[in-house]
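Input: a single structure, listed below in C-alpha cells.
All residue numbers in this chain count up from 1 along the given sequence.
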Amino acid sequence: MTIILDAYAVPEKGRVELKVERSFDINVMAEEARRQVNRWLHNEVSLLMRALAPTLVIGEKVVWRVPASLGLPHLGQVGTVGAVEVDVKTGAMTNTPACKAELARNAEALAARLPAYQPRTD
C-alpha cells in the first residue's frame with residue numbers, strides 16, 4: 001500500500017525531519033473503494049474505464065485515491081485519465097458532475113492522441 005502525505009512542505013535540498021502523528025479509522029478497505037469506483041465508472045461515465053489500485057492519501061481528510069484508467073478493445077489499457085477519492089471513514093466519493101466531466105474530457109483527449117482503429121485483415 002502506498003501512502004501519500006498531502007500538503008506537507010518539504011525543502012528541495014537538505015535534511016528533512018518529518019514527524020507524523022495522526023490517527024483515523026479505516027472503515028472502507030482499499031478493495032472496497034476500488035470496486036465502488038469501478039461500479040460508478042461503468043454505470044455513470046464509460047464502460048471503457050476501470051478503477052485501478054487505490055493509494056491512501058492523508059491530508060485534511062483521509063481518502064483512498066482511486067485512479068481511473070481508459071481501456072480500448074484494440075489497444076488494451078492506454079492510460080490514466082484521472083482519479084476519484086473515497087473517504088476511508090464514510091465511503092463518500094468525489095463523484096461530482098465536475099469529476100465525471102473531467103474524466104470524460106481527459107479520456108477524449110487521450111483517445112484523440114492514439115492511433116486510429118485498424119480492423120484485422122486476416
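- Side-chain N or O atoms of Ser46 include one that pairs as donor or acceptor with a backbone N or O of Leu48 at under 3.5 Å.
- Listed here is the closest heavy atom pair of Ala83 and Leu103: N-CD2, 4.0 Å.
- For the residue pair Leu41 and Ala51, the shortest heavy atom distance occurs at CD1-N, 3.7 Å.
- Salt bridge annotation for Glu102-Arg105: absent, with no cationic side-chain nitrogen under 4.0 angstrom from a carboxylate oxygen.
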Q: Mind running side chain to side chain contact (heavy atoms under 4.5 Å, CB included) on Val28 and Asp87 for me, showing each step along the way?
A: CA-CA 8 Å; Val28 177; Asp87 188 292; over 6 Å; no

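- Looking at Ser69 and Gln77, their side chains do bring a donor and an acceptor atom within 3.5 Å of each other.
- The shortest distance between side-chain heavy atoms of Asn27 and Thr90 does not fall below 4.5 Å.
- Taking every heavy atom of both residues into account, Val81 and Ala107 meet most closely at CG1-CA, 3.6 Å.
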Q. How far apart are the C-alpha atoms of Val88 and Leu56, what are their side-chain angles, what is the distance that settles it, and do they pass the side chain to side chain contact (heavy atoms under 4.5 Å, CB included) test?
A. CA-CA 9 Å; Val88 300; Leu56 186 64; 3.7 Å; yes

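- One hydrophobic cluster holds both Leu110 and Val45 under the rule that ILVMFWY side chains link at heavy-atom gaps under 4.5 Å.
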Q: Assess whether side chain to side chain contact (heavy atoms under 4.5 Å, CB included) is satisfied between Gln36 and Val86, documenting all intermediate values.
A: CA-CA 9 Å; Gln36 181 179 346; Val86 178; 4.0 Å; yes

Q: Just do the salt bridge (charged side-chain N to carboxylate O under 4.0 Å, His left out) check on Arg35 and Glu32 with the steps written out, would you?
A: CA-CA 5 Å; Arg35 285 194 313 260; Glu32 291 173 313; 5.0 Å; no

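- Looking only at distances, a side-chain donor or acceptor of Lys100 sits under 3.5 Å from a matching main-chain atom of Glu44.
- Between Glu85 atom CD and Asn95 atom CG the span is 12.0 Å, to the nearest 0.5 Å.
- No side-chain heavy atom of Trp64 sits less than 4.5 Å from a side-chain heavy atom of Val84.
- Between Met93 and Trp40 the shortest side-chain heavy-atom distance falls below 4.5 Å.
- Val66 and Met29 are members of different hydrophobic clusters when ILVMFWY side chains are connected at heavy-atom separations under 4.5 Å.
- Residues Pro67 and Ala53 share a closest heavy-atom pair of CD-O, 3.4 Å.
- In this structure the side chain of Ile58 reaches within 4.5 angstrom of the side chain of Arg22, judged on heavy atoms.
- A distance-only check finds no donor-acceptor pair linking the side chain of Asn38 to the backbone of Arg50 [under 3.5 Å].
- The closest side-chain heavy-atom distance from Leu114 to Val78 is below 4.5 Å.
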